[in-house]
Amino acid sequence: GDSVTQMEGPVTLSEEAFLTINCTYTATGYPSLFWYVQYPGEGLQLLLKATKADDKGSNKGFEATYRKETTSFHLEKGSVQVSDSAVYFCALTSTNTGKLIFGQGTTLQVKP
Amino acid sequence: KAGVTQTPRYLIKTRGQQVTLSCSPISGHRSVSWYQQTPGQGLQFLFEYFSETQRNKGNFPGRFSGRQFSNSRSEMNVSTLELGDSALYLCASSNDPGVGTDTQYFGPGTRLTVL
């Protein structure tokens with residue numbers, strides 16, 4: 001079945017460092033890919049999405065490119081801030097059902 | 001537009017009881033999906049309702065059920081609560097996730113604790 005694998009955390013960075021969180025997927029068909037972020041005590045917020053191969057999603061300085069040849073959707077940010085500390089989830093929508101399938105989440109901690 | 005709202009935000013129940021959680025989707029959205037989040041299992045899909053019909057269901061026991069009303073509001077019910085049902089229950093709404101490219105928007109969740 002469809003699945004998403006994320007790099008394990010926690011990831012600890014200093015402010016202004018470069019961020020990469022790896023995400024790979026297995027899916028039939030052509031799923032849409034998403035990054036969601038969860039701040040402590042809150043629900044999930046959509047960070048960015050891409051719906052077809054080579055699409056680049058971007059928002060708030062974060063970017064991710066839909067790479068079909070490597071089945072990847074890695075999240076990057078050039079300069080992280082303390083306020084970016086959160087849990088990041090990579091997800092895809094199953095083309096059969098439309099349900100979201102999530103990776104296990106990666107905790108990011110940014111230190112001043 | 002107002003976002004997805006969920007009530008209550010926190011619940012404490014004891015084993016064997018039942019509980020009902022409520023979700024109001026974004027105005028105009030016809031689909032509501034429910035997810036369970038636990039530290040051990042992560043985020044897991046429970047079910048999806050579209051136009052008052054359950055369209056998809058995850059791999060959960062029959063104690064978990066739901067419904068959707070004509071105004072798209074949805075409720076989720078868990079009967080005969082078990083300790084393992086303690087989790088954050090998230091509701092998400094969209095126009096139609098069956099379209100694949102559609103985006104699901106999440107509410108803040110209901111934190112259920114079973115004692």
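The figures that follow rest on heavy atoms only: side chains count, while hydrogens, waters and symmetry mates do not. Residue numbering restarts at 1 for every chain, and letters A, B, ... go by the order of the sequence lines.
- Contact annotation for A:Gln45: neither backbone nor side-chain heavy atoms come within less than 4.5 Å of a heavy atom of chain B.
- Among all heavy-atom pairs drawn from A:Leu44 and B:Phe106, the shortest one is O-CB, 3.3 Å.
- Grouping the Ile, Leu, Val, Met, Phe, Trp and Tyr side chains by contacts below 4.5 angstrom, directly or via other members, places A:Leu48 apart from A:Val87.
- Each of A:Leu100, A:Leu46, A:Leu92, A:Leu33 has some count of heavy-atom pairs under 4.5 Å with chain B, and the biggest count is that of A:Leu100.
- Placement of A:Val4 and A:Phe89 in two distinct hydrophobic clusters is found when ILVMFWY residues are connected by side-chain heavy-atom separations under 4.5 Å, directly or transitively.
- Sparse packing is recorded around NZ of A:Lys52, with 12 or fewer heavy atoms of other residues, nucleotides or ligands lying under 6.0 Å away.
- Few gaps surround CG on B:Asn71; more than 12 heavy atoms of other groups in view lie less than 6.0 Å from it.
- Counting heavy atoms from C-beta outward, B:Leu43 and A:Gln38 have side chains that stay 4.5 Å or more apart.
- Both B:Leu11 and B:Trp34 are part of a single hydrophobic cluster, where members link through side-chain heavy atoms under 4.5 Å apart.
- With a 4.5 Å cut-off on non-hydrogen atoms, A:Tyr30 does not touch chain B at all.
- Annotation: the span from B:Gln104 atom CD to A:Lys49 atom NZ amounts to 10.5 Å, rounded to 0.5 Å.
- Rounding to the nearest 0.5 Å gives a distance of 11.0 Å between OH of A:Tyr36 and CG of B:Leu90.
- Clustering ILVMFWY residues whenever any of their side-chain heavy atoms sit less than 4.5 angstrom apart, transitively, puts B:Leu46 in a cluster other than the one holding B:Phe50.
- Contacts of A:Glu42 with chain B are made by backbone atoms alone, with heavy-atom separations under 4.5 Å and no side-chain atom involved.
- Linking Ile, Leu, Val, Met, Phe, Trp and Tyr residues whenever their side-chain heavy atoms come within less than 4.5 Å leaves B:Tyr105 and B:Val32 in two separate clusters.
- Interface remark: B:Phe47 contributes no atoms to any contact with chain A (heavy atom separation under 4.5 Å).
- Qualifying side-chain hydrogen bond (donor to acceptor under 3.5 Å, both in side chains) partners for B:Arg67, counting only residues two or more places apart in sequence or in other chains: B:Glu75.
- Contact tally against chain A (heavy-atom pairs below 4.5 Å) for B:Gln41, B:Arg111, B:Gln44, B:Gln37: the top residue is B:Gln37.
- Aromatic rings of B:Phe45 and A:Phe102 (six-membered ring for Trp) have centroids beyond the 6.0 Å cut-off, not under it.
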